[in-house]
Structure formats: C-alpha cells, structure tokens
Asks: 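Pasting a structure below so you can have a look.
Source: prediction; values computed, not measured. Numbered from 1 within each chain, the chains take letters A, B, ... in sequence-line order.
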There are 2 protein chains.
Amino acid sequence: MTIPRAAKTLRRTRIQEEKEEQILEAALDVFSASGFRGSTIDQIAEVAGMSKPNLLYYFRTKEAMHRALIDRVLYTWLEPLRAFDAEGNPETEIRSYIRRKLEMARDFPRESRLFANEVLQGAPHIEDELKGPLKELVDEKAEVIRAWAKSGKIVTCDPYHLIFSIWSTTQHYADFDVQVRAVLGQEHSGEGRFEDAARFLEQLFIGGLRPDPLEA
Amino acid sequence: MTIPRAAKTLRRTRIQEEKEEQILEAALDVFSASGFRGSTIDQIAEVAGMSKPNLLYYFRTKEAMHRALIDRVLYTWLEPLRAFDAEGNPETEIRSYIRRKLEMARDFPRESRLFANEVLQGAPHIEDELKGPLKELVDEKAEVIRAWAKSGKIVTCDPYHLIFSIWSTTQHYADFDVQVRAVLGQEHSGEGRFEDAARFLEQLFIGGLRPDPLEA
DNA sequence: GGATAATTTGACCGATTGGTAAACATTACA
DNA sequence: TGTAATGTTTACCAATCGGTCAAATTATCC
C-alpha cells in the first residue's frame with residue numbers, strides 16, 4: 001500500500017521541489033489575475049503544463065495552493081518595511097522605502113496583485129496575518145515615525161496614514177497598471193514611467209513631510 | 001406570441017424599473033466582493049431575492065448585468081475629477097478634490113471595489129472607457145495642473161502622477177478597508193479614520209505641492 | 001370581465017467546477 | 001536488477017456554472 005500524498009512523505013525529493021515550484025509559479029499567474037474565487041485548478045494546471053490530478057497530487061486543494069503561495073510571498077513582501085531604520089536619516093529612509101516599494105511594484109507585480117485581490121475581496125484567507133504580524137510591524141515602524149516627528153526631523157503627522165499613503169501610491173503602479181498605461185498612453189507607458197513615478201513621489205513625500213519652519 | 005425579453009419592449013414599466021434597480025443593487029454587492037469571474041448569477045439572484053430565470057429576464061447575461069452596473073457607476077465616479085476647476089485656487093481645488101474622493105471611498109466603497117476588481121484583473125470589460133473618456137478627462141485636468149505649475153502657483157511636478165497619487169491614496173480606504181482596519185485595530189477603525197486620513201492627506205499634498213520658495 | 005401583454009417559476013440543459021479512484025509509469029535504492 | 005516508493009494519467013464523480021424553455025401567474029387596458 002503506497003501513501004500517495006506528497007505532503008505525507010517526510011523527505012522532499014528533487015521532483016517534488018521542482019514540481020511544487022512549477023505549480024506555485026503557475027498559481028501566482030492565475031490567482032493574481034483572477035482572484036481566488038475566479039481562478040480554477042484547470043487553469044493553473046494548464047499554465048503549469050501538467051494534468052489536474054498531477055497538480056492535486058502536490059497540493060490537495062485549491063486552498064492549499066493559495067495558502068502556500070501567500071505564505072511564500074508575504075515575508076518577501078514586507079521586507080522593505082522591515083528595512084525601515086529608526087537610526088537612519090528620515091529623508092533618506094523614506095526616500096529609499098518609496099524606491100524599494102516601487103521596485104517591487106515594477107519587478108513583482110503579480111505578487112502585489114495577489115495581495116490586492118485577496119484584501120479587496122475581504123481578505124478571507126489572510127485575516128490573521130493582517131491582524132498579527134502585519135499590524136505588529138506597522139505599529140513598530142509607526143513609533144519610529146512618531147519619534148522623528150517629536151524630535152522635529154519631520155512634520156507632525158499621523159504615522160499610520162503616512163504608511164498607508166506610501167503603500168497605496170507605490171502599489172498602484174502594479175495593481176492598477178492597466179489603468180496607468182491607458183491614461184498615460186502608449187508613448188509614456190515604457191519602463192520610464194517608474195522613474196517618473198519615483199521622482200514625483202519622492203518630491204511629494206519629502207516636500208510634504210518637511211518639518212514646519214515655524215516650529216524649528 | 002409574447003416577446004418575453006424586457007429589453008425588447010419599448011416602454012419601461014414601473015415593475016421593470018423597480019426590478020432592474022433591485023438587481024443592480026444586488027449585483028453591486030456581489031461583483032464588488034468577488035470580481036466578475038468570481039461572482040455567480042445564483043449569488044446575485046439570492047441577494048436580489050428573486051429566482052435566477054427571473055433575473056435573466058431583465059438582464060440576458062451575466063455580462064449584461066456587469067455592463068449596466070459599470071455604465072451606471074462610471075459617470076458618478078468621475079464626478080469629483082470633473083469638478084476640478086482651472087479657475088479656482090490650486091490649494092482649495094486640490095483640498096476639495098481629496099475631500100470629495102475620500103467621501104466617495106467612505107460612502108460608496110462597493111462602487112470603488114467594483115472598479116478596483118475590474119482594473120486589477122486587467123480591465124477586460126472597461127478597456128475602452130479607460131483609453132477613451134477617462135484618458136481624455138485626465139489629459140484635460142493634467143493641463144490645468146501644468147498651467148498652475150508654470151505660473152508658480154504650485155511646485156513643478158508631473159501632473160499625471162499627481163492625479164494617480166490622489167486616486168490611490170483616497171481609494172485605498174475603500175479598496176483595502178479590511179487591511180486598514182486590521183492595522184489600525186478596533187479602537188481606531190471607527191468613522192473617525194476618514195477624518196484622520198483627510199487631515200493627513202491634505203497636509204501631505206498641500207505641503208508637497210507648495211511652490212519652491214527659491215523660484216518665487 | 002376578458003383579452004393580451006408582462007412577469008415569474010420549476011424543470012432542465014450541456015459545460016465546467018473541485019476533487020477522487022485506481023491503474024499505470026517511473027524513480028530511487030538495496 | 002528487483003522492488004518498493006514515488007509520480008502520472010485516464011476515467012470518472014457530484015455539485016455548480018451560465019443559460020433556456022414552456023407553462024403558470026400576474027398586471028394592464030379596453
């Protein structure tokens with residue numbers, strides 16, 4: 001009697017690693033484009049270039065695939081915020097945070113859309129991650145920002161809404177890419193638009209956060 | 001022999017108007033929560049409180065429902081941008097644009113999510129609207145902003161990315177509501193968060209766009 | 001009130017959904 | 001090289017999908 005579920009084997013074989021990688025890559029394609037409910041196992045199987053039962057041999061359910069994908073992507077996704085350094089200079093820290101987030105929007109748009117789809121549809125699968133690890137990390141960084149404001153390095157402002165505004169403005173270029181391209185027209189839709197966006201956003205945030213000269 | 005399709009009758013009856021209203025209301029609920037592909041006619045029928053064939057009597061296909069919803073919502077959705085006035089004072093115009101967009105995010109989050117879902121998933125049903133009416137309106141308002149910059153009323157900046165950043169920061173509070181609530185925690189998730197957001201965003205944009213004193 | 005048009009429903013259709021069973025093929029390892 | 005574990009496929013399942021049909025019901029108007 002064989003135990004046919006890869007998940008139940010203790011040692012991961014070479015084939016397992018390769019195929020799981022292949023599947024998650026395809027799943028990222030599909031989930032990020034259609035959301036969880038709108039995606040089908042057949043689609044993922046086709047993109048992955050394998051049969052549906054074969055795919056289900058590695059991930060027992062559609063949920064399991066989604067789960068694995070979220071887990072893998074979440075850590076990387078929070079990396080830029082984690083790099084936010086309390087000791088650094090506020091201006092350079094904010095500038096490089098914007099840069100990093102914009103680079104992620106440019107280089108990993110599917111990952112951004114995966115989360116966007118999930119959150120947009122009520123975050124039924126990642127509620128715990130949002131209320132747990134994410135909130136804790138944001139709380140911590142919000143304190144850093146508050147300290148900067150208190151010491152007069154930046155203007156007094158709500159640190160949470162500051163973080164939200166950096167998230168939204170940068171991820172916009174991944175999540176709403178079609179709209180951005182449509183509005184900019186073909187001539188400005190090249191990769192240069194990320195440079196333009198970076199320049200504008202740095203200008204906006206550095207200018208908008210400059211400490212009030214009256215208080216100085 | 002009756003002509004059983006409401007769409008083919010010339011005069012709209014009272015019942016038709018009521019039921020179509022009822023259906024679109026339900027469709028907005030469902031489409032905004034799951035996107036087009038992830039939504040089912042059965043779900044909409046259940047929310048609308050009528051049988052599926054009855055629903056299909058008023059809208060022949062799922063696409064037709066979606067189409068009608070998009071058409072109805074698009075005009076209203078662009079209203080704030082249309083109100084952007086070239087003659088007005090830049091600071092008050094931008095301030096009130098932010099206010100209006102935030103109010104829409106607060107009062108019509110489903111409409112925002114309907115578009116967000118659509119654009120996020122590649123805008124397969126509204127590509128023409130984006131490249132046509134939307135682009136034209138944005139082009140027009142971008143010129144207004146450029147003129148303000150040229151006359152030194154605001155800092156020189158890319159008007160398109162300015163508009164994108166106002167869209168993204170404001171709509172964030174509708175589209176990513178779950179995340180915002182999760183991060184802010186229960187204590188700050190009341191309606192007051194929109195006031196906080198408005199205060200921060202006005203501060204950010206007014207400060208970030210203040211004309212460079214060196215050029216003055 | 002009766003004729004006619006408009007509305008509603010239950011039963012149903014083929015296609016697709018997520019997922020399974022079991023036979024078959026391949027790999028790893030002694 | 002044999003064999004047991006791992007991997008793959010074909011055929012299939014019940015449930016749900018978008019949508020149709022004809023019959024039944026209700027509203028409208030003379």
Asks: When you get a sec, tell me which of D:dC17, D:dG19, C:dT20 is the closest nucleotide to the side chain of B:Asp42?
Replies: D:dC17
Asks: Measure up the B:Tyr173 and A:His161 rings against each other and bin them: parallel (under 30°), tilted (30 to 60°), perpendicular (over 60°).
Replies: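 Ring orientation, 0 to 90° scale: tilted.
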Asks: To the nearest Å, how far apart are B:Glu46 CD and D:dT16 P?
Replies: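 Interatomic distance, CD of B:Glu46 to P of D:dT16: 12 Å.
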Asks: Hey, is the side chain of A:Tyr58 poking within less than 4.0 Å of OP1 or OP2 on D:dT6, counting only N and O atoms?
Replies: no
Asks: Fit a plane to each ring of B:Tyr97 and B:Phe84, take the angle between them on a 0 to 90° scale, and name the class: parallel (under 30°), tilted (30 to 60°) or perpendicular (over 60°).
Replies: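 B:Tyr97 and B:Phe84: perpendicular rings.
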Asks: Take atom CZ of B:Arg37 and atom C1' of C:dT17, then tell me their distance rounded to the nearest Å.
Replies: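 B:Arg37 atom CZ is separated from C:dT17 atom C1' by 11 Å.
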Asks: Could you tell me how far apart B:Glu18 (CD) and C:dA6 (C1') are, to the nearest whole angstrom?
Replies: 14 Å
Asks: Under 4.0 Å from OP1 or OP2 of D:dT6: is there any side-chain N or O of A:Gln16 that close?
Replies: no
Asks: Take the protein atom CZ of B:Phe59 and the nucleotide atom C1' of C:dT7, then report the distance between them rounded to whole Å.
Replies: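 B:Phe59 atom CZ is separated from C:dT7 atom C1' by 15 Å.
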Asks: Going by atom types only, do B:Gln121 and A:Asn117 share a side-chain donor-acceptor pair under 3.5 Å?
Replies: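 Yes - a donor-acceptor pair under 3.5 Å links their side chains.
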Asks: Using a cut-off of less than 4.0 Å, is there contact between a side-chain N or O of A:Asn54 and OP1 or OP2 of D:dT9?
Replies: yes
Asks: Among C:dG18, D:dT10, C:dT9, find the nucleotide with the atom closest to the side chain of B:Ser51.
Replies: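 Of the options given, the side chain of B:Ser51 lies nearest C:dT9.
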Asks: Would you mind telling me which of C:dA11, D:dC17, D:dA11 lies closest to the side-chain atoms of B:Pro53?
Replies: C:dA11
Asks: Any N or O donor-acceptor pair under 3.5 Å from the base of D:dG18 to the side chain of B:Lys52?
Replies: yes
Asks: Which whole-number value in Å describes the distance from B:Glu20 CD to C:dT7 P?
Replies: 9 Å
Asks: Indicate the ring-plane relationship of A:Phe164 and B:His172, choosing parallel, tilted or perpendicular according to the 30° and 60° boundaries.
Replies: tilted
Asks: If you only use heavy atoms from C-beta on, which nucleotide in D:dG18, C:dG19, C:dT8 is closest to the side chain of B:Lys19?
Replies: C:dT8
Asks: How many whole angstroms separate atom CE of B:Met65 from atom C1' of D:dG19?
Replies: 10 Å
Asks: Can you check the B:Leu56 CG to C:dC13 P distance for me, whole Å?
Replies: 18 Å
Asks: Starting at CD1 of B:Ile41 and ending at C1' of D:dG18, how long is that distance when rounded to a whole Å?
Replies: 5 Å
Asks: Nearest to the side chain of A:Tyr57 - D:dG19, D:dG7, D:dT10?
Replies: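 Taking heavy atoms from C-beta onward, the closest nucleotide is D:dG7.
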Asks: Short question: side chain of B:Lys101, backbone of B:Leu81 - any donor-acceptor pair under 3.5 Å?
Replies: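 Not a single qualifying donor-acceptor pair exists.
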